[in-house]
Amino acid sequence: MGKTSAKSTNGRVEIRDAGGDVSARTTNGSVTVELRRDLDVIEAIQARSVNGSVKVAIPEGVDFEFVGRTSHGSVGCEFELDDVQTERRTRLEGKTGAGGPRVELQTTNGSIRVTKLDCAPGSSR
């Protein structure tokens with residue numbers, strides 16, 4: 001599968017249901033990445049903003065490595081992280097299960113969230 005890439009200077013960036021590596025960036029706006037597929041074909045997800053929040057939604061039961069960094073905001077993850085390397089309000093680093101694709105999220109002025117995506121049939125998400 002190929003790489004999905006999106007970039008903006010003044011506006012939000014949204015990527016939904018990518019089938020390969022993901023790179024999403026903006027300077028002034030939020031970044032949202034929603035992955036409904038299994039992450040087997042993905043090696044890396046990178047999402048960055050300077051002035052905005054970064055949110056990534058991943059299906060439950062998927063293993064991944066996570067690095068989240070912000071200067072002025074907070075970092076949160078709905079998944080239970082094992083092997084936590086760093087855990088502070090502004091930085092969180094660890095992995096779920098055996099690890100897997102690297103999910104690297106960064107912002108300067110905003111919060112970072114990794115949420116569980118309900119992919120059940122009939123889900124309205």
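None of the values given here were measured: they were computed from a predicted structure.
Under the 4.5 Å side-chain contact rule for hydrophobic residues, I58 and L81 share a cluster.
Every residue was checked against the side-chain hydrogen bond (donor to acceptor under 3.5 Å, both in side chains) condition with D82, not counting sequence neighbours, and none meets it. Judged as a side-chain contact (heavy atoms from CB on, under 4.5 Å), and not counting sequence neighbours, the contacts of S5 are S23. D63 pairs by the side-chain hydrogen bond (donor to acceptor under 3.5 Å, both in side chains) definition with nothing, not counting sequence neighbours. By the side-chain contact (heavy atoms from CB on, under 4.5 Å) test, N10 pairs with N28, sequence neighbours left out. With sequence neighbours left out, E87 forms a side-chain hydrogen bond (donor to acceptor under 3.5 Å, both in side chains) with no residue at all. For R12, the side-chain hydrogen bond (donor to acceptor under 3.5 Å, both in side chains) partners two or more places apart in sequence, or in a different chain, are E14.
Closest of all the heavy-atom pairs between A18 and I42 is O-CD1, 4.4 Å. Counting all heavy atoms, side chain and backbone alike, V31 lies closest to A47 at CG1-CB, 3.8 Å. Residues T26 and T9 come closest through the heavy atom pair OG1-O, 3.8 Å.
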message = Walk me through whether V33 and T4 qualify under side-chain contact (heavy atoms from CB on, under 4.5 Å).
response = CA-CA 11 Å; V33 177; T4 301; over 6 Å; no
request  = Quick one: do L35 and L117 satisfy side-chain contact (heavy atoms from CB on, under 4.5 Å)? Show the steps, please.
outcome  = CA-CA 8 Å; L35 301 170; L117 182 65; 5.8 Å; no
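If you take CD1 on I15 and OG1 on T32, they are separated by 10.0 Å, rounding to the nearest 0.5 Å.
Put simply, the side chain of I112 does not reach to within 4.5 Å of the side chain of S53, judged on heavy atoms. Looking at heavy atoms from C-beta onward, L105 lies in side-chain contact with V114 at the 4.5 angstrom threshold. Counting heavy atoms from C-beta outward, E34 and V56 have side chains that stay 4.5 Å or more apart.
Looking at S49, its side chain does come within 3.5 Å of a backbone N or O of G29 through a donor-acceptor pair.
Paired with Q85 under the rule side chain to side chain contact (heavy atoms under 4.5 Å, CB included), one option of K95, E93, R91 passes, and it is E93.
Checked for salt-bridge contact, K116 and E78 miss the test: no charged N lies under 4.0 Å from a carboxylate O.
Sorted by first then second residue, the salt bridge (Lys or Arg N to Asp or Glu O under 4.0 Å) pairs that include residues 43-55, not counting sequence neighbours, are R48-E104. Sequence neighbours left out, not one pair with a member in residues 2-26 passes ring pair (Phe, Tyr, Trp, His ring centres under 6.0 Å). Here ring pair (Phe, Tyr, Trp, His ring centres under 6.0 Å) pairs that include residues 86-105, with residues two or more places apart or in two chains, number zero. Residue pairs meeting the ring pair (Phe, Tyr, Trp, His ring centres under 6.0 Å) criterion with at least one member in residues 9-37: none, sequence neighbours excluded.
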Tabulate below the donor-acceptor pairs under 3.5 Å that side-chain atoms of residues 64-76 make, not counting sequence neighbours, or state none.
{"unit_1": "T70", "atom_1": "OG1", "unit_2": "T107", "atom_2": "O", "d": "3.3"}
{"unit_1": "T70", "atom_1": "OG1", "unit_2": "G110", "atom_2": "O", "d": "2.7"}
{"unit_1": "S74", "atom_1": "OG", "unit_2": "R113", "atom_2": "NH2", "d": "2.8"}

